[in-house]
A.B. asks: 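Below you'll find the structure I mean.
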Protein chains: 2
Amino acid sequence: MFIELDFESDIPIYMQLVHAIIEGIATRELKPGDELPPVRTLAADLGVNMLTVNKAYQHLKQLGFIQIHRKKGAVINSDEMRQADDEFYERLLTSLRPLAMESICRRLTKNQFLTLCSKIFDEIELKGGKC
Amino acid sequence: MFIELDFESDIPIYMQLVHAIIEGIATRELKPGDELPPVRTLAADLGVNMLTVNKAYQHLKQLGFIQIHRKKGAVINSDEMRQADDEFYERLLTSLRPLAMESICRRLTKNQFLTLCSKIFDEIELKGGKC
DNA sequence: TATTTGTTATACATATAATATAACAAATAA
DNA sequence: TTATTTGTTATATTATATGTATAACAAATA
């Protein structure tokens, strides 16, 4: 799995890692039971610190995407472990609302916005995601 | 215009302010030509520092939502000043993609996601937004 | 028992967020 | 002209977040 980091981005490295791994899960490149690389290995591959990778793994664990075993390392959870619960729903709303607001200010219509979202999902489906 | 801040949120206060004012513009509560309160006044009303409000205004200026005059203060720009340019489009994509990815992981379907977005726009329209 | 793995602990550097205060500079109203 | 209002800039301080470097610890397992 290829992960590209942008060290200039205002998005923290550990969050870029979280996003990349979630993308891997969404596109089925990472399947339930698959093991992520050890923190030291991935850190070395990406040229970042071990603790930065660890922070990303902890995040993914907290979000329910992986489980962490002492020796096996980080393992992708089964689909059932990842639900669209109220917490996620709330987070989604909190993220989407400001985007919708600014879109309206910039006279991007509801339909244009929905079309854009639709295209994003289509792209993910092309990569293997089941939408 | 009523602004509620969450001092516990992980979203910086100045960004919450930016969002609140953009929401005001989207819902037409703030119209082109309207003046925002002086930084000192708004800061005192909200119980935050002057520089925090100033930071929010600078952001809004950089995003093209307001213009700042020495004596008149911050004035809402005309609609034409706020376009859905490439920069915004890119920012929108960068924000939406991770949300779509995580949604798919949590088996929220494309249609469910689009329905949620649609509802958000409907709510904004109820408040006066033209979508 | 040695190895691999995540975890924890220090220490450090840098950047961001937010505050507190004061002084500066421009526009405008008296 | 002068005082007021406004944003701006400058210092200083505090707290938190991000990221690095290194070392030691602890559990699972080969």
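Each chain gets a letter, A, B and so on, in the order its sequence line appears, and its residues count up from 1.
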A.B. asks: Pairs in or reaching into residues 16-41 of chain A: which pass ring-ring contact (aromatic ring centres under 6.0 Å, His included), with residues at least two apart or in two chains?
C.D. replies: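 Residue pairs passing ring-ring contact (aromatic ring centres under 6.0 Å, His included), neighbours aside: none found.
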A.B. asks: Sequence neighbours excluded and cut-off under 3.5 Å, please list the side-chain donor-acceptor pairs for residues 37-64 of chain B, or say none.
C.D. replies:
| residue | atom | partner | partner atom | Å |
| --- | --- | --- | --- | --- |
| B:N49 | OD1 | B:L51 | N | 2.8 |
| B:Y57 | OH | B:P37 | O | 2.6 |

A.B. asks: My understanding is that only residues two or more places apart in sequence, or in another chain, count here; which of them pass salt bridge (Lys or Arg N to Asp or Glu O under 4.0 Å) with B:R91?
C.D. replies: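 In terms of salt bridge (Lys or Arg N to Asp or Glu O under 4.0 Å), with neighbours along the sequence ignored, B:R91 is linked to A:E102.
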A.B. asks: Could you work out the complete set of other residues in the hydrophobic cluster of B:L114, with links drawn between I, L, V, M, F, W and Y side chains under 4.5 Å apart?
C.D. replies: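 When side chains under 4.5 Å apart are linked, the cluster holding B:L114 also contains A:L114.
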A.B. asks: Determine the stems involving DNA chain C; a stem requires 3 or more consecutive pairs of the Watson-Crick or G-U wobble kind, each with both distances below 3.5 Å, and the answer is none if no such run exists.
C.D. replies: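 Stem segments, range with range: C:1-30 with D:1-30.
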A.B. asks: Please set out all donor-acceptor pairs under 3.5 angstrom arising from side-chain atoms of residues 117-131 of chain A, sequence neighbours excluded.
C.D. replies:
| residue | atom | partner | partner atom | Å |
| --- | --- | --- | --- | --- |
| A:S118 | OG | B:K110 | NZ | 3.1 |
| A:D122 | OD1 | B:K110 | NZ | 2.7 |

A.B. asks: Shared ILVMFWY cluster between A:M1 and A:V18, side chains joined below 4.5 angstrom?
C.D. replies: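 Same cluster.
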A.B. asks: Enumerate donor-acceptor pairs with a distance under 3.5 Å from any side-chain N or O in residues 24-31 of chain A to protein atoms, sequence neighbours excluded.
C.D. replies:
| residue | atom | partner | partner atom | Å |
| --- | --- | --- | --- | --- |
| A:T27 | OG1 | A:E23 | O | 2.9 |
| A:T27 | OG1 | A:G24 | O | 3.4 |
| A:K31 | NZ | A:R28 | O | 2.6 |

A.B. asks: Tell me which residues in residues 2-18 of chain A lie within less than 4.0 Å of DNA chain D, going by non-hydrogen atoms.
C.D. replies: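 Contacting residues: A:P12, A:I13, A:Y14.
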A.B. asks: Please list all pairs meeting side-chain hydrogen bond (donor to acceptor under 3.5 Å, both in side chains) that have one or both residues in residues 70-88 of chain B, counting only residues at least two apart or in different chains.
C.D. replies: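 Pairs touching residues 70-88 of chain B that pass the test: B:S78-B:E80, B:D79-B:R82.
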A.B. asks: Any side-chain heavy atom of B:F113 within less than 4.5 Å of one from A:L96?
C.D. replies: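 When only atoms from C-beta onward are counted, A:L96 and B:F113 do touch, with a gap below 4.5 Å.
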A.B. asks: Do you reckon B:M101 sits in the same ILVMFWY cluster as B:L116, going by side-chain contacts under 4.5 Å, direct or chained?
C.D. replies: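 The answer is yes; both residues are in one hydrophobic cluster.
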A.B. asks: Using distance only, find each side-chain donor-acceptor pair of residues 2-13 of chain A under 3.5 Å and give its atom names and separation, not counting sequence neighbours.
C.D. replies:
| residue | atom | partner | partner atom | Å |
| --- | --- | --- | --- | --- |
| A:D6 | OD1 | A:E8 | N | 2.8 |
| A:D6 | OD1 | A:S9 | N | 3.3 |
| A:S9 | OG | A:I11 | N | 2.8 |

A.B. asks: For a 4.0 angstrom threshold against heavy atoms of chain B, report the outermost contacting nucleotides of DNA chain C in 5' to 3' order.
C.D. replies: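 The contact span of chain B on DNA chain C goes from C:dA17 to C:dT28.
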A.B. asks: Should A:M81 and B:L108 be counted in the same cluster of Ile, Leu, Val, Met, Phe, Trp and Tyr side chains packed under 4.5 Å apart?
C.D. replies: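 Each belongs to a different hydrophobic cluster.
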A.B. asks: For B:K72 and for A:R70, find the nucleotide of DNA chain D with the closest heavy atom, then tell me which residue's nucleotide is more 5'.
C.D. replies: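 Nearer the 5' end of the strand: B:K72.
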A.B. asks: For DNA chain C, find the residues of residues 48-65 of chain A with a heavy-atom distance under 4.0 Å and give them by number; none if there aren't any.
C.D. replies: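 Residues of residues 48-65 of chain A that come under 4.0 Å of DNA chain C are, in numerical order, A:L51, A:N54, A:Q58.
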